[in-house]
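Small disclaimer: the values here were computed from a predicted structure and weren't measured.
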Amino acid sequence: MELRHLRYFLAVAEERHFGRAAARLHMAQPPLSQQIRQLESELGVQLLNRNTRRVELTEAGTAYLDRVRAVLSAVDDAGEVARRIAAGLQGRLSVGCVGSATYSLLPAVARRLREELPGVEVAFRGEMLGAQQVAALQRRDIDVALLRPPVDDPGITVRTLRSDALIVALPDGHPLTARTRLDVIDLRDEDFVIHAERDSAMYGTVRRLCDRAGFQPRIRHEVVETSTLVTFVAADLGLAIVPEPVAHLGVPGATYRPLTDPTARIDLALAVRSGEDSPVIAQATRVLTQLAAT
């Protein structure tokens with residue numbers, strides 16, 4: 001028995017006529033009649049009562065028809081699922097986000113993925129620093145990372161999505177808030193709150209900015225999470241240089257000012273495992289790249 005036999009039987013059972021069933025199947029009537037008789041012979045039961053005008057289902061045929069419909073429906077569903085998975089339109093995806101991307105980009109990412117990949121179940125992990133994301137990619141805990149370069153790992157492929165301006169986060173009422181823009185040198189006598197060196201690309205970026213301005217930052221507090229960093233600033237424990245999207249966090253007590261240096265920027269990149277061949281990850285990469293471009 002083959003699936004075609006079931007489809008032949010379904011057509012005859014629904015049309016109640018061999019001629020109409022043959023036309024529906026785009027085949028001649030005699031071969032169709034022969035195939036149905038072979039099916040009955042294999043089953044050992046009569047499925048149809050035939051006369052010159054009409055075909056009727058036997059009681060066994062009626063019961064068989066219900067199950068044939070279920071089988072063919074399951075086969076069609078299985079094929080559709082396989083095609084969707086192969087196209088990256090169905091499956092699961094885990095996305096890790098660096099803190100500043102969590103606040104600004106994640107809402108748009110979640111919305112766009114739902115719109116374009118409704119069959120993909122997406123989980124997000126926010127407030128992840130670069131080293132954590134690389135380790136999570138290697139462990140396959142996440143599939144895609146939105147992080148701040150550099151990434152020094154040949155097993156990870158990185159694609160720059162955009163470049164974010166760096167700004168200064170200040171406690172409300174700080175004297176420097178009286179200015180509309182700040183030079184890095186203006187921060188030389190201030191206490192800094194900064195991301196922990198071992199975990200964040202921002203640590204090296206801030207140190208390089210200060211070195212270029214001719215001073216070493218006076219680091220008073222090192223933190224892991226960006227939300228904690230801004231909370232420390234709001235508590236008047238120091239100021240911080242942060243990517244512009246951090247302002248979207250909206251922590252009360254923190255004020256932001258742009259830097260005059262147009263080169264004071266940091267990239268946001270998309271990272272995946274090198275050689276990754278998952279269709280879902282390929283679709284997600286496409287969506288995220290298009291979103292970042294807009």
From CA spacing to verdict: salt bridge (Lys or Arg N to Asp or Glu O under 4.0 Å), D164, R162:
CA-CA 7 Å; D164 291 325; R162 72 183 191 198; 2.9 Å; yes
If you look only at pairs with a residue in residues 239-262, which of them pass as a side chain to side chain donor-acceptor pair (under 3.5 Å), with sequence neighbours excluded?
D172-T255, D183-T260, R212-D261, D261-T263
Does the side-chain contact (heavy atoms from CB on, under 4.5 Å) test come out yes or no for I281 and R273, once each step is laid out?
CA-CA 10 Å; I281 294 176; R273 290 176 291 274; 3.9 Å; yes
I would like to know whether R83 and D76 meet salt bridge (Lys or Arg N to Asp or Glu O under 4.0 Å); could you show each step before the answer?
CA-CA 11 Å; R83 285 187 289 272; D76 291 342; over 6 Å; no
Does S274 reach the main-chain N or O of P154 with its side chain, forming a donor-acceptor pair under 3.5 Å?
yes
Look at R69 together with E14 and state whether they make a salt bridge at an N to O cut-off of under 4.0 Å.
yes
Heavy-atom check, side chain of T58 versus side chain of Y64, under 4.5 Å:
no
Got a salt bridge between R92 and D143, using NZ or NE/NH1/NH2 to carboxylate O under 4.0 Å?
no
Does a donor on one side chain and an acceptor on the other come within less than 3.5 Å for R112 and Q290?
no
Set of residues satisfying side chain to side chain donor-acceptor pair (under 3.5 Å) with respect to Q216, sequence neighbours excluded:
R207, D211
Do I156 and V98 share a hydrophobic cluster, counting only Ile, Leu, Val, Met, Phe, Trp and Tyr and linking them when any side-chain heavy atoms are less than 4.5 Å apart?
no
Whether R286 and E116 form a salt bridge (side-chain N of Lys/Arg under 4.0 Å from carboxylate O of Asp/Glu) is what I want to check.
yes
Salt bridge flag under 4.0 Å for residues R188 and D186
no
Keeping T205 on the side-chain end and A201 on the backbone end, is there a donor-acceptor pair under 3.5 Å?
yes
One should read off an interatomic distance between D77 CG and L72 CG, to the nearest 0.5 angstrom, of 11.0 Å
Is the shortest side-chain N to carboxylate O distance from E15 to R24 below 4.0 Å?
yes
Fit a plane to each ring of H221 and F232, take the angle between them on a 0 to 90° scale, and name the class: parallel (under 30°), tilted (30 to 60°) or perpendicular (over 60°).
perpendicular
Please check if the number of heavy atoms outside D152 that lie under 6.0 Å from its CG is greater than 12.
no
Find out whether L161 and T289 are in side-chain contact, i.e. whether some heavy atom of one side chain is under 4.5 Å from a heavy atom of the other.
yes
Between E56 and R54, is the closest basic N to carboxylate O distance under 4.0 Å?
yes
Taking side chain as C-beta onward, heavy atoms only, is V193 less than 4.5 Å from L239?
no
Rounded to the nearest 0.5 Å, the OG1 atom of T228 sits from the CD atom of E222 at a distance of 13.5 Å
Between L182 and R179, is any pair of side-chain heavy atoms under 4.5 Å apart?
yes
Electrostatic pair R114:E121 at N-O distance under 4.0 angstrom
no
